[in-house]
Peer 1: 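Starting off with a structure, shown below.
This is a predicted model, so every value here is computed, not measured.
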Amino acid sequence: MRALHTAFIPDTHRGAAGKEMNTPAHVIFAAAAFARPYDRRRTFAAIAGALAPDLSLYLMAATALYILRLPPGYVFDTLYFSDAWQQVFAIDNSFLVWGAAFGLAWALGARNAMVFTASALLHLAFDFPLHHDDGRPHFWPFSDWVFESPLSYWDNAAHAGIVAPIEMGLSLLFCLILMRRFPSWRSRLLIACLAFVQLAPVFFWAFVFAQNAG
């Protein structure tokens, strides 16, 4: 599906626009790993932790697009790669930062905080091998080195045509597992919505660029 949705994004925006749209997959994977029925705090911690490494991008992009009214090409092709934005991404995508947070949560015996930080680490573990030329310095602050993977979940030039269907298939499989695990209709409705969001990223970006065209 990454290969499909990039076909609907203008060439000048594909490099940045696709980068974080696998956030629903991160939520699905973390929920499958850590969420438990009848334990809302643990489930919330799992979902929040999966979202945390991408949260800064969404907040900054939303501010730039909808408050400052900047064109999406400038936001995703210029601001995204600016030193200021990349510094923020280095902090919230660091294995060392999240690893230290997990260690602190473990030392304090804070179970839900451990789930939160473990979910964030799982997010980074999936990001690390699936970013070709748009990776992050995952070992900040000790190193600014960025791993350039031969694989990408969105870039067709780096085998997204293979990676994306695998990601999509796993996401749907885990959604089915979550459906069986969570019996309430509300939970299942939320899981179904999450699956839909994972299947339909193209509609989100079509809306973004339509609203900000010109």
Peer 1: Identify the residue among F102, W145, F139 that makes a ring-ring contact (aromatic ring centres under 6.0 Å, His included) with F95.
Peer 2: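 Single pass found, and it is F139.
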Peer 1: Calculate, to the nearest 0.5 Å, the distance between atoms CZ and CG belonging to R136 and L124 respectively.
Peer 2: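 The CZ atom of R136 sits 9.5 Å away from the CG atom of L124.
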Peer 1: Decide yes or no for V27 and L194: does some side-chain heavy atom of the first lie under 4.5 Å from some side-chain heavy atom of the second?
Peer 2: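 Counting from C-beta outward, V27 and L194 do come under 4.5 Å.
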Peer 1: Would you please test R181 and I177 for side chain to side chain contact (heavy atoms under 4.5 Å, CB included) and show each step?
Peer 2: CA-CA 6 Å; R181 183 185 299 171; I177 292 173; 4.0 Å; yes
Peer 1: Side-chain contact, heavy-atom cut-off 4.5 Å: V88 with M60?
Peer 2: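 Yes, at least one pair of side-chain atoms sits under 4.5 Å.
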Peer 1: In Å, rounded to the nearest 0.5 Å, how long is the span from CZ of R188 to SG of C193?
Peer 2: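 Result: 14.5 Å between the selected atoms.
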Peer 1: Is the shortest side-chain heavy-atom distance between I47 and F34 below 4.5 Å?
Peer 2: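 Contact flag for I47/F34 side chains = no.
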Peer 1: Determine whether a donor-acceptor pair (N or O, by modelled atom type, separation under 3.5 Å) exists between the side chain of T117 and the backbone of M114.
Peer 2: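 Looks like yes, one N/O pair under 3.5 Å.
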Peer 1: Tell me, yes or no, whether the heavy-atom count around R41 atom CZ, taken from other residues, nucleotides or ligands under 6.0 Å, exceeds 12.
Peer 2: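 No, the 6.0 Å shell around CZ holds no more than 12 heavy atoms from other groups.
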Peer 1: What pairs with F44 under ring pair (Phe, Tyr, Trp, His ring centres under 6.0 Å), at least two apart in sequence or on another chain?
Peer 2: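 Partners of F44 by the ring pair (Phe, Tyr, Trp, His ring centres under 6.0 Å) criterion come out as none, since no residue qualifies.
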Peer 1: Could you list the residues that satisfy ring pair (Phe, Tyr, Trp, His ring centres under 6.0 Å) with H159, not counting sequence neighbours?
Peer 2: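 For H159, no residue satisfies ring pair (Phe, Tyr, Trp, His ring centres under 6.0 Å) once neighbours in sequence are set aside.
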Peer 1: Under 4.5 Å between side-chain heavy atoms, counting indirect links through other Ile/Leu/Val/Met/Phe/Trp/Tyr residues: same cluster for L65 and L68 or not?
Peer 2: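 Yes, it is one cluster - the side chains of L65 and L68 are joined through contacts under 4.5 Å.
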Peer 1: Under 4.0 Å between a Lys/Arg side-chain N and an Asp/Glu carboxylate O for D39 and R111?
Peer 2: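 Between R111 and D39 there is a salt bridge, with a charged N closer than 4.0 Å to a carboxylate O.
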Peer 1: Just how far is it from atom CG of L172 to atom CD of E167, taken to the nearest 0.5 Å?
Peer 2: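 With rounding to 0.5 Å, CG (L172) is 10.0 Å from CD (E167).
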Peer 1: Before you tell me yes or no, could you show the steps for W85 and V75 under side chain to side chain contact (heavy atoms under 4.5 Å, CB included), namely the whole-Å CA-CA distance, both residues' side-chain angles and the distance that decides it to 0.1 Å?
Peer 2: CA-CA 10 Å; W85 282 40; V75 173; 4.0 Å; yes
Peer 1: Could you list the residues that satisfy side-chain contact (heavy atoms from CB on, under 4.5 Å) with I191, not counting sequence neighbours?
Peer 2: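 So I191 forms a side-chain contact (heavy atoms from CB on, under 4.5 Å) with C175, L178, M179, F182.
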Peer 1: With sequence neighbours excluded, tell me which residues meet side-chain hydrogen bond (donor to acceptor under 3.5 Å, both in side chains) with S82.
Peer 2: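 Listed in chain order: nothing, the list is empty.
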Peer 1: Considering only heavy atoms from C-beta outward, does the side chain of L96 approach that of F142 to under 4.5 Å?
Peer 2: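 Yes, their side chains come closer than 4.5 Å.
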Peer 1: If you round to the nearest 0.5 Å, how far is CG of L51 from NE2 of H123?
Peer 2: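 One gets 9.0 Å once the value is rounded to the nearest 0.5 Å.
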Peer 1: In terms of hydrophobic clustering (I, L, V, M, F, W, Y; side-chain heavy atoms under 4.5 Å; direct or indirect links), are L79 and Y66 co-clustered?
Peer 2: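 As far as the 4.5 Å side-chain criterion goes, Y66 and L79 are connected within one cluster.
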Peer 1: I need the I28 CD1 to T23 OG1 distance, nearest 0.5 Å.
Peer 2: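 Reported value, rounded in 0.5 Å steps: 11.0 Å.
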Peer 1: Let me check something: do F116 and L104 share a hydrophobic cluster, defined by ILVMFWY side-chain heavy atoms less than 4.5 Å apart, either directly or through other members?
Peer 2: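 Looking at the clustering, L104 is in a separate group from F116.
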Peer 1: Kindly write out the residues that satisfy ring pair (Phe, Tyr, Trp, His ring centres under 6.0 Å) with F29, not counting sequence neighbours, or none if the list is empty.
Peer 2: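 Only F126, F174 meet the ring pair (Phe, Tyr, Trp, His ring centres under 6.0 Å) criterion with F29.
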Peer 1: With the side chain counted from C-beta on, respond yes when E148 and H131 share a heavy-atom pair under 4.5 Å apart, and no when they do not.
Peer 2: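 No, their side chains stay 4.5 Å or more apart.
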Peer 1: If you look at every heavy atom in A33 and L122, which pair is closest and at what distance?
Peer 2: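 Taking every non-hydrogen atom into account, CB-CD2, 4.2 Å.
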Peer 1: Could you tell me which non-hydrogen atom of G99 sits nearest to which non-hydrogen atom of L121, and how far apart they are?
Peer 2: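 Looks like N-CD2, 3.8 Å.
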Peer 1: D127 and H26: side-chain donor and acceptor closer than 3.5 Å?
Peer 2: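 Checked: D127/H26 side chains pair up, N/O donor to acceptor below 3.5 Å.
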Peer 1: Compare all side-chain heavy atoms of W140 with those of V97 and state whether any distance is below 4.5 angstrom.
Peer 2: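 Yes, at least one pair of side-chain atoms sits under 4.5 Å.
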Peer 1: For A50 and S119, work out which heavy atoms get closest and say how close.
Peer 2: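 Heavy atoms only, the tightest pair is N-CB, 3.6 Å.
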Peer 1: From N93 CG over to S56 OG, what is the distance, rounded to the nearest 0.5 angstrom?
Peer 2: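 Answer rounded to 0.5 Å: 7.0 Å.
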Peer 1: Give the cluster check for M168 versus L176: same hydrophobic cluster or not, with ILVMFWY residues linked at side-chain heavy-atom distances below 4.5 Å.
Peer 2: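 Cluster IDs for M168 and L176 differ.
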Peer 1: Do F147 and P137 have side chains that get closer than 4.5 Å, going by heavy atoms?
Peer 2: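 They are not in contact (no side-chain heavy atoms under 4.5 Å apart), so the answer is no.
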Peer 1: Using the rule that two of Ile, Leu, Val, Met, Phe, Trp, Tyr join whenever any of their side-chain heavy atoms come within less than 4.5 Å, decide whether F81 and L59 are in one cluster.
Peer 2: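 No, no single cluster joins them.
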Peer 1: Check whether any side-chain heavy atom of F196 sits under 4.5 Å from a side-chain heavy atom of P24, and report yes or no.
Peer 2: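 Result no, sub-4.5 Å side-chain heavy-atom pair not found.
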Peer 1: Under the side-chain hydrogen bond (donor to acceptor under 3.5 Å, both in side chains) test, which residues partner S143, sequence neighbours left out?
Peer 2: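 For S143, no residue satisfies side-chain hydrogen bond (donor to acceptor under 3.5 Å, both in side chains) once neighbours in sequence are set aside.
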